[in-house]
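In what follows, every chain begins at residue 1, and chains take the letters A, B, ... in the order their sequences are listed.
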Protein chains: 4
Amino acid sequence: MPFPANTDSGMDDPVHGDQLKSIVERIERLEEEKKTISDDIRQVYAEAKGNGYDVKILRKVVAIRKRDANERAEEEALLDLYLQAVGESA
Amino acid sequence: MPFPANTDSGMDDPVHGDQLKSIVERIERLEEEKKTISDDIRQVYAEAKGNGYDVKILRKVVAIRKRDANERAEEEALLDLYLQAVGESA
Amino acid sequence: MPFPANTDSGMDDPVHGDQLKSIVERIERLEEEKKTISDDIRQVYAEAKGNGYDVKILRKVVAIRKRDANERAEEEALLDLYLQAVGESA
Amino acid sequence: MPFPANTDSGMDDPVHGDQLKSIVERIERLEEEKKTISDDIRQVYAEAKGNGYDVKILRKVVAIRKRDANERAEEEALLDLYLQAVGESA
DNA sequence: GCGCATTGATGGCTGC
DNA sequence: GCAGCCATCAATGCGC
């Protein structure tokens with residue numbers, strides 16, 4: 001059981017001493033990847049700006065499309081719910 | 001020139017009508033990837049929690065390590081500034 | 001209960017009609033004070049510049065000192081977390 | 001002259017060795033005050049929320065009033081300009 | 001449902 | 001004088 005431990009996971013925990021290290025490193029690796037993507041996005045906006053587009057508007061467009069997509073998804077989910085409620089498997 | 005245009009790029013702009021579409025889609029693709037990574041990170045924390053780790057502490061550890069790295073970088077930047085301030089080219 | 005109301009506070013709410021006005025004015029008053037302080041800060045930097053200091057460096061110095069303070073605070077918080085994690089009341 | 005020096009202020013600069021310290025401390029003191037005000041503002045919003053107000057809307061109200069005030073100020077400034085232009089002392 | 005943490009938007013400052 | 005950069009502040013989304 002790791003030191004901050006609460007409930008024992010059942011296994012007798014032999015080596016997992018550097019399990020913590022592993023966890024932290026996985027997270028750090030992922031955050032690095034995430035940062036890379038973020039930088040790419042910023043770069044695309046920068047390019048667009050260089051081509052005469054208004055970045056602020058562009059961001060709004062993306063946000064709106066995202067919101068619409070979410071709404072569509074919600075509606076669909078709701079529809080599925082209804083279908084299940086009336087006995088359809090969806 | 002794209003419609004929001006400010007300064008003409010010089011070319012007579014034949015097709016680039018869906019250049020905007022291309023831009024938006026590139027961004028959306030990247031944001032999707034980013035979301036995937038974020039989900040992965042959350043999942044790692046969730047797993048860790050399942051193994052008895054205190055997520056709040058884990059996050060602090062990660063944050064502190066990150067900040068230390070930033071600090072190192074910033075000190076270096078400060079040093080460069082000092083060097084410039086005293087007339088060194090850096 | 002004020003008009004945007006959600007949960008009733010229990011009292012029968014006689015006058016509070018201009019409670020909103022009061023709130024907005026308190027905020028505006030505070031923001032004015034805040035702006036004054038910000039102006040003072042800018043002025044100090046300007047003076048310093050007039051005395052031959054490099055403002056950019058000054059800002060970095062201030063930022064680093066602040067970050068160091070934050071770091072200290074955060075490490076202390078982490079320590080408290082550890083103590084709690086091992087069952088100490090902190 | 002302080003070390004990052006550019007133009008000499010004319011005085012022979014005896015002690016001002018800790019002038020820098022003074023500057024930094026003045027700034028830090030002011031930033032602390034500023035933070036206090038910011039906290040107060042947040043607290044007012046929190047109170048308002050507790051009284052059933054919608055914080056997001058409140059913020060919009062404050063922002064709009066601020067903008068209106070700015071516009072009023074601009075118009076007044078413009079008016080002054082006109083008055084001066086036609087020979088009035090304002 | 002609330003508070004927190006992250007992310008995005010805005011405004012000020014610096015350099016060209 | 002304007003554009004780019006950075007720092008601050010608000011808004012959204014997530015977890016408890």
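We find that NZ of D:K56 is positioned 10 Å from C1' of F:dA10, with the value rounded to whole Å. When rounded to the nearest whole Å, the span between NZ of A:K66 and P of F:dG13 equals 6 Å. Rounded to a whole Å, the OH atom of B:Y45 is 13 Å from the C1' atom of F:dC14. Atoms CD1 (C:I27) and C1' (F:dA10) sit 14 Å apart, rounded to a whole Å. Protein atom NZ of D:K49 is 10 Å distant from nucleotide atom P of E:dC4, rounded to whole Å. One interatomic measurement links the two molecules: CD of D:E31 to C1' of F:dC9, which rounds to 15 Å at whole-angstrom precision. Look at CG on C:D39: it is 10 Å from P on E:dG12, rounded to the nearest Å. Spacing between atom CD1 of A:I64 and atom P of E:dA9 amounts to 12 Å, rounded to whole angstrom units.
Comparing D:R42 and B:R42 against DNA chain F, the residue whose closest nucleotide sits nearer the 5' end is D:R42.
Ion pair C:R72/C:D68 not flagged as a salt bridge, since none of the NZ, NE, NH1 or NH2 atoms sits closer than 4.0 Å to an Asp/Glu carboxylate oxygen.
Among the protein residues, B:V55 comes within range of no part of the nucleic acid, since none of its heavy atoms lies under 4.0 Å from any strand.
Screening A:E32, A:E33, A:E25 for a salt bridge (charged side-chain N to carboxylate O under 4.0 Å, His left out) involving A:R29 leaves a single residue, A:E33.
Residues A:E28 and B:K66 have side chains not in contact (no heavy-atom distance under 4.5 Å, counting atoms from C-beta outward).
For F:dA11, one of the phosphate oxygens OP1 or OP2 lies less than 4.0 angstrom from a side-chain nitrogen or oxygen of D:R59. OP1 and OP2 of F:dG13 both lie 4.0 Å or more from every side-chain N or O belonging to B:K34.
Judged by distance alone, the side chains of B:Y53 and A:Q19 do bring a donor and an acceptor atom under 3.5 Å apart.
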